[in-house]
Amino acid sequence: MGAAPNAWQEGPPLPPALRSAVVAPAAAAAATPAARQPLRAQRTRTAWLFLAPMLVTLAAVALWPLARTIWFSFTDANINDPGAAQFVGLGNYFGEFGLFFNPNNTEGFWAGDWGVAIANTLKFALASVLLETAFGLGVALLLDQEFKGRSLVRAAVLLPWAIPTIVSAKMWGWMLHDQFGVINHLLLSAGLIQHPIAWTADPAFAMWTVVAVDVWKTTPFMALLILAALQTLPRDCYEAARVDGVHPLRVFWRVTLPLIRPALMVGVVFRLLDALRVFDLIFVLTSNNASTISMSGFVRREMVDNGYMGYGSAASTVLFLMIGLATVLVMRLARNRRMEDA
């Protein structure tokens, strides 16, 4: 009798469907880059097709007003008759009475109104973002722990952030009033102060009062972002550290902080953008107080109160460039840090 056929070498042919499923991936993997070009071009066209409505809307509601503002910054436009504007070049920036040169200001750039507005905005942004990040991280770490009623506490923590800025600013303005405010009443009753303090009018307290109100309102936003990042961390790392007896502070610096850094940087960027363009909170609490006026408040004063549309547009253009530069710098620092960690 002949030898039996080897089952490992010979057998019935594969069905056509199974054969195509096996052969197709190998053929696709062996395809040359030139053969993949049509598919890549088709995907690119499809992506642009889906993005087109968003880009058109963005151009209509953002790019066109921005371009018009930049154009007005090179003119002497007045709010009463913008159509009669004359081109003045860089006069609103470096002219005789421009943003960065004013012969009437003999005490230097930072003593002028625009210099004070820049200094106030930077001071507010740095102080508020640093405090909100620190407090938000602490609150998020507490809310990440297991305890009874945690869901209720999480919802309560978000209440300040849910209140509209105008409402919270007005509410704090009443509580901080120097005559009938509850804050002064409590401090006087406790003997901590001897006389009522004008928290939003006294230059010594006004800026820090605004920062405190902003920290109260926006810390929940940072806590929410950081808490979402903490919820995604692998728990086995913490179990291993607990078994090995690693100190919790070392675990935080070596494990928790590096893992939540991307979410932390996103929160810092969002808050920095918000803080640099702050207007409503400062305006409601302190109005046009020179000790707290921000760059946005300066733009509003020049364009609306004084009617200098070209001058105000120049200030708003500088504000836009500063926000863009701050965003690029923060993102570049975050990218370099990720590359170093890798």
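Being a predicted model, the structure only gives us computed values, none of them experimental.
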Subject >> 4.5 Å side-chain heavy-atom contact, Leu257 and Leu264 >> reply: yes
**OP:** Enter the distance from Met222:CE to Leu227:CG here, rounded to the nearest 0.5 Å.
**Re:** 12.5 Å
Original post:
Is any side-chain heavy atom of Val153 closer than 4.5 Å to a side-chain heavy atom of Phe147?
Top reply: yes
Original post:
Is there a side-chain contact between Ser313 and Met303, using heavy atoms and a 4.5 Å cut-off?
Top reply: yes
Subject >> Rounded distance (nearest 0.5 Å) linking atom CE of Met207 with atom CD1 of Ile282 >> reply: 5.0 Å
Subject >> Side-chain heavy-atom pair Phe72, Pro82 within 4.5 angstrom cut-off >> reply: yes
Original post:
What is the distance from atom OG1 of Thr165 to atom CG of Leu281, rounded to the nearest 0.5 Å?
Top reply: 7.0 Å
Original post:
Between Ser73 and Tyr311, do the side chains contain an N or O donor and an N or O acceptor separated by less than 3.5 Å?
Top reply: no
**OP:** Take Arg301 and Ile293 through the side-chain contact (heavy atoms from CB on, under 4.5 Å) test and state the conclusion after the steps.
**Re:** CA-CA 10 Å; Arg301 187 189 70 183; Ile293 189 171; 4.1 Å; yes
Original post:
Under 3.5 Å, side chain of Asn306 to main-chain N/O of Tyr308, donor-acceptor pair present?
Top reply: no
**OP:** Specify whether His177 and Phe180 have parallel, tilted or perpendicular ring planes, treating 30° as the upper limit for parallel and 60° as the lower limit for perpendicular.
**Re:** parallel
Original post:
Where the side chain of Ser128 meets the backbone of Ala125, is there a donor-acceptor pair that is under 3.5 Å apart?
Top reply: yes
Original post:
With under 30° as parallel and over 60° as perpendicular, where do the rings of Phe87 and Trp71 fit, or are they tilted in between?
Top reply: parallel
Original post:
Quick one: does Thr286's side chain have a donor or acceptor within less than 3.5 Å of a partner on Asn289's backbone?
Top reply: no
Original post:
Do you know the tightest heavy-atom contact between Asp76 and Gln86?
Top reply: OD1-N, 2.6 Å
**OP:** Name the orientation class of the two ring planes belonging to Trp172 and Trp216 (parallel below 30°, tilted from 30 to 60°, perpendicular beyond 60°).
**Re:** perpendicular
Subject >> Pairwise side-chain contact, Tyr93 with Thr317, heavy-atom cut-off 4.5 Å (strictly under) >> reply: yes
**OP:** For Ala198, enumerate each residue passing the side-chain contact (heavy atoms from CB on, under 4.5 Å) test, keeping only those at least two apart in sequence or located in another chain.
**Re:** Asp178, Ala201
Original post:
Which atom names give the shortest non-hydrogen contact between Asn120 and Ala290, and what distance separates them?
Top reply: ND2-O, 3.4 Å
**OP:** Keeping the roles fixed (side chain from Asn92, backbone from Thr75), state whether a donor-acceptor pair exists under 3.5 Å.
**Re:** yes
Original post:
Would you say the side chain of Val299 lies within less than 4.5 Å of the side chain of Ser316, judging by non-hydrogen atoms?
Top reply: yes
Original post:
Does Phe205 have any ring-ring contact (aromatic ring centres under 6.0 Å, His included) partners at least two apart in sequence or in another chain, and if so, which?
Top reply: Trp199
Subject >> Any side-chain heavy-atom pair of Met295 and Met322 under 4.5 Å >> reply: yes
Subject >> Within the 6.0 Å centroid threshold, strictly below: Phe101 and Phe94 >> reply: no
Subject >> Leu99 vs Phe298, side-chain contact (heavy atoms from CB on, under 4.5 Å): CA-CA, chis, key distance, verdict >> reply: CA-CA 11 Å; Leu99 293 172; Phe298 180 90; 3.9 Å; yes
